[in-house]
Number of protein chains: 2
Amino acid sequence: MTLLYGVDPRTGDRLEPGVPETSPETVAELGAAAAKAARPLADLPLAGRAALLEAVADALEAAAGELVPLADGETALGTTRLSGEVERTTGQLRLLAAEARGEGFQLDTAEPGFVRGLLPIGPVAVYAASNFPFAFSVAGGDTASAWAAGCPVIVKAHPGHPRTSARTAEIITEALAKAGAPEGMFALVHGFEAGMALINDPNIKAAGFTGSVRGGRALFDAAASRPEPIPFYGELGSVNPVFVTRAAVAARGEEIARGYVGSFTLGSGQFCTKPGLLFLPAGHGLEPVLAEAVAAVAAPALLTPQITEGFRTGVERIAGEARTVAESDGARLFTVTAGEFAARPELTEECFGPTSIIIEYSSEEDLRAAASAVPGSLTATVHAEPSDADLARGLVAELARHAGRIVYNGWPTGVAVNHAMHHGGPWPATTSPLHTSVGTAAIRRFQVPVCFQGLPEELLPPTVR
Amino acid sequence: MTLLYGVDPRTGDRLEPGVPETSPETVAELGAAAAKAARPLADLPLAGRAALLEAVADALEAAAGELVPLADGETALGTTRLSGEVERTTGQLRLLAAEARGEGFQLDTAEPGFVRGLLPIGPVAVYAASNFPFAFSVAGGDTASAWAAGCPVIVKAHPGHPRTSARTAEIITEALAKAGAPEGMFALVHGFEAGMALINDPNIKAAGFTGSVRGGRALFDAAASRPEPIPFYGELGSVNPVFVTRAAVAARGEEIARGYVGSFTLGSGQFCTKPGLLFLPAGHGLEPVLAEAVAAVAAPALLTPQITEGFRTGVERIAGEARTVAESDGARLFTVTAGEFAARPELTEECFGPTSIIIEYSSEEDLRAAASAVPGSLTATVHAEPSDADLARGLVAELARHAGRIVYNGWPTGVAVNHAMHHGGPWPATTSPLHTSVGTAAIRRFQVPVCFQGLPEELLPPTVR
């Protein structure tokens with residue numbers, strides 16, 4: 001039996017004990033068990049389904065004191081951030097449970113003789129993220145939204161935090177059993193091969209993923225190449241451009257500069273919404289403030305050896321194409337002119353970690369042209385003043401074609417979990433631009449519409465009456 | 001310049017004049033023009049967008065006298081059916097126009113500080129169907145719903161009716177120009193190579209398709225393999241099983257038998273919702289009625305030489321595995337036992353044309369087992385009586401996992417265009433089980449959510465204020 005180990009990012013040491021890799025045979029058994037659980041889970045009254053999510057939330061909350069240090073050892077994200085993340089995770093489970101319990105949750109539309117319901121798609125595979133060991137991991141948003149839709153879930157653990165994943169899974173399994181959940185409603189698998197077996201398992205009917213463009217594309221390709229292709233909801237790479245008008249710099253340049261450094265170095269720049277590009281007017285004069293803010297950033301311990309290496313080579317690549325504005329042990333900030341930026345498309349590639357690029361534009365024309373050329377992103381941000389509302393309006397209208405969320409006079413890091421959130425966007429931000437992985441609308445990814453035509457009330461499934 | 005020709009299904013003669021094949025270079029030019037039209041079309045007030053759909057509807061209605069005979073010559077569907085189909089097509093355009101004009105059409109959800117809008121995804125490719133030369137063709141449901149969403153459309157004509165397609169396109173182009181539509185909002189291309197160029201064109205952001213499993217899968221694979229993969233909404237193959245309880249046969253067996261033959265031979269069995277499988281209790285005794293009904297079916301002139309050949313080989317294949325119950329120049333009806341059916345999975349493959357298979361079951365257990373084993377379909381139908389409501393309820397609950405629409409005591413042919421319709425279903429019925437190609441919800445396929453965070457009202461796009 002092969003064992004898989006996490007690595008302490010602070011020391012580089014291997015973390016004992018290891019976690020056993022899941023064999024493809026076991027994946028097949030878990031897939032069959034999930035398929036068997038699909039109908040009983042779908043047939044539960046919605047209040048009963050919601051209670052299962054709440055039971056998991058309660059159990060995770062009770063185990064936070066154990067889970068947070070375990071995750072900190074594997075990720076170095078710090079106990080403050082990780083405690084907050086457990087809260088976010090349980091809050092998310094409870095919000096989605098409340099949604100599932102809501103009036104008419106599975107009833108989409110009706111007209112005389114026709115009722116359209118929203119029924120669970122079937123067993124879902126979830127590929128956990130490196131950078132959120134709780135909120136986008138075993139009991140994270142993908143799992144919670146698939147459960148809320150009424151789907152059994154099999155999670156592929158991220159190799160960066162195997163023990164946190166395994167322990168979370170034990171707590172979930174126990175909580176679900178105690179709450180009387182259908183057997184097979186949840187399972188966890190470990191290892192690359194298990195992940196590939198899972199996406200190809202005929203019992204799996206949809207998949208959610210958060211991670212790199214390379215990994216996400218490989219799984220997307222596998223999902224699309226199956227004899228029965230399935231929806232694959234991948235959240236991949238994003239540069240999250242920020243556009244600052246000249247008036248905004250004049251009014252609050254220093255505040256913007258500090259906010260920017262805070263945002264691109266938050267969590268050591270390991271957020272999918274990290275602002276990777278900042279457009280500033282040429283002659284902005286903010287270099288001293290930027291240098292001071294960057295100097296104050298502490299040296300990061302990045303999540304995994306792979307991410308550390310990716311950051312090193314990424315920064316090297318950018319350094320070959322851009323000038324350094326500010327540098328410290330904790331972060332590195334680059335700059336180019338708008339002309340240089342337009343001529344070097346590789347500068348629009350995401351570099352995970354505490355680095356970002358400032359693009360200096362000379363005219364509003366330049367700025368508008370840049371907005372129409374940025375790649376698909378999860379977010380785009382505009383900083384402007386009432387005096388240049390026309391420019392801001394034009395930028396917003398254009399950027400809405402390139403990003404799933406437009407932020408005004410704020411920062412893209414920090415994604416609210418609510419009803420109106422959209423955490424998605426055009427390729428390469430996601431593989432499925434119609435859907436969000438955060439907020440209550442995330443449930444819709446795992447629901448299929450069914451139209452009931454001419455059925456008497458008593459023959460309809462109870463949840464669509 | 002290569003010319004493409006239709007064929008008269010009644011005579012097998014080539015129809016003059018030919019229609020020029022579209023070169024890949026022209027496809028690229030049309031893609032660029034569509035991309036250029038995307039922003040002005042998206043920025044039109046919604047009433048202006050709706051007016052464009054209505055202008056097309058008016059123009060097609062006015063040209064019905066010319067279009068119907070043209071289509072009849074290429075499809076042999078008959079002028080009565082085709083006149084009805086033009087009405088369905090214009091009705092669909094007007095319904096979707098009304099939807100786009102409706103209050104809050106592009107406003108999805110809002111909460112304090114957040115507004116989620118539904119914006120056009122960008123230029124859409126539409127692959128027209130053989131069997132609906134108007135309603136699922138150049139100005140059909142895919143085109144109308146993409147326009148309603150605010151997307152430019154490039155249609156790939158079906159080779160079965162090139163002249164009808166070309167003339168429809170001329171009428172559309174003229175109507176749009178007169179109504180002041182953005183240039184590039186619509187184009188038509190002809191030929192296999194043009195279709196492949198279109199799905200790979202970087203300016204195309206989504207595609208709709210109605211047709212065979214083979215053709216749909218090839219285009220789906222191409223869409224998924226692009227450097228930037230795009231959503232592909234394909235409606236492919238479906239066997240549309242019908243389940244008849246013993247009580248229903250006792251109460252109205254003859255009516256059911258006649259309704260069934262009417263449904264599977266309607267339009268010469270060339271509907272995607274044709275009932276291809278009918279489950280009847282053993283000893284149903286309906287053979288004489290079935291024989292009489294089948295005998296009354298006139299010899300069909302199938303849409304294209306390919307469909308004629310596919311029907312011939314399909315019927316031959318089934319004849320090797322099933323017994324003939326009734327046969328005429330117009331239709332052929334087969335039967336097997338439930339045991340034979342379970343052992344011969346190739347009987348669940350769709351055979352386009354006027355043929356169907358009756359499966360005789362011995363027990364309710366058999367019937368329930370069959371319901372849990374049918375492949376993904378657009379529809380599933382239950383015929384039952386109040387006396388066996390428990391059986392019917394169980395069948396409905398199970399079938400809702402295998403089909404996009406459940407019909408009770410009716411027939412699946414004839415798809416209503418309304419707000420609650422779902423014309424979709426699990427693979428191989430579609431490539432995208434979350435979406436419908438009929439009804440107002442079809443528009444959602446071509447809308448992407450965008451969340452506006454912290455924007456003052458005056459900076460929001462007018463349609464999401």
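Below, chains carry the letters A, B, ... as their sequence lines are ordered, and counting in each starts from 1.
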(message) Side chains of A:Thr436 and B:Pro449, heavy atoms from C-beta outward: is any pair under 4.5 Å?
(response) no
(request) Select one option (side chain, backbone, both, neither) describing which atoms of B:Asp221 are under 4.5 Å from chain A's heavy atoms. (result) side chain
(message) Report which part of B:Ile230 has an atom under 4.5 Å of a heavy atom belonging to chain A: side chain, backbone, both, or neither.
(response) neither
(message) I'd like to know which of B:Thr109, B:Ile406, B:Asp43, B:Val382 tops the heavy-atom pair count under 4.5 Å against chain A.
(response) B:Ile406
(message) Looking at every heavy atom in both A:Gly394 and B:Arg39, which two are closest together, and how far apart are they?
(response) O-NH2, 4.2 Å
(request) For B:His435 and A:Leu434, work out which heavy atoms get closest and say how close. (result) NE2-CD2, 3.6 Å
(message) If we define contacts as heavy-atom pairs under 4.5 Å, which of A:Gly454, A:Pro229, A:Pro461, A:Ala397 has the most with chain B?
(response) A:Pro229
(message) Using heavy-atom distances under 4.5 Å, tell me whether B:Leu119 contacts chain A through its side chain, its backbone, both, or neither.
(response) side chain
(request) Give, as side chain, backbone, both or neither, the part of B:Pro231 having an atom under 4.5 angstrom from any heavy atom of chain A. (result) side chain
(request) Please state whether the side chain, the backbone, both or neither of B:Ala416 comes within less than 4.5 Å of a heavy atom of chain A. (result) side chain
(request) Could you tell me which portion of B:Arg217 (side chain, backbone, both or neither) has an atom closer than 4.5 angstrom to a non-hydrogen atom of chain A? (result) side chain
(request) Sort A:Pro227 into side chain, backbone, both or neither according to what part of it lies under 4.5 angstrom from a heavy atom of chain B. (result) backbone
(message) For B:Phe114, run the side chain to side chain contact (heavy atoms under 4.5 Å, CB included) check against A:His419, A:His422, A:Met421 and tell me which one passes.
(response) A:Met421
(message) Heavy-atom cut-off 4.5 Å, strictly under: side chain, backbone, both or neither for A:Arg401 against chain B?
(response) side chain
(message) Less than 4.5 Å to any heavy atom of chain A: does that hold for the side chain of B:Ala389, its backbone, both, or neither?
(response) both
(request) Tell me, for A:Glu398 versus chain B, whether the close heavy atoms (under 4.5 Å) come from the side chain, the backbone, both or neither. (result) both
(request) Spell out, as yes or no, whether a donor-acceptor pair under 3.5 Å connects the side chain of B:Glu228 to the backbone of A:Trp427. (result) no
(request) Please flag which part of A:Leu395 lies under 4.5 Å from any non-hydrogen atom of chain B: side chain, backbone, both or neither. (result) neither
(message) Looking only at heavy atoms and a cut-off of under 4.5 Å, which of B:Val396, B:Val448, B:Val407, B:Leu455 has the most pairs with chain A?
(response) B:Leu455
(request) Indicate the atoms forming the closest heavy-atom contact of A:Cys451 with B:Ala420, along with that distance. (result) SG-O, 3.4 Å
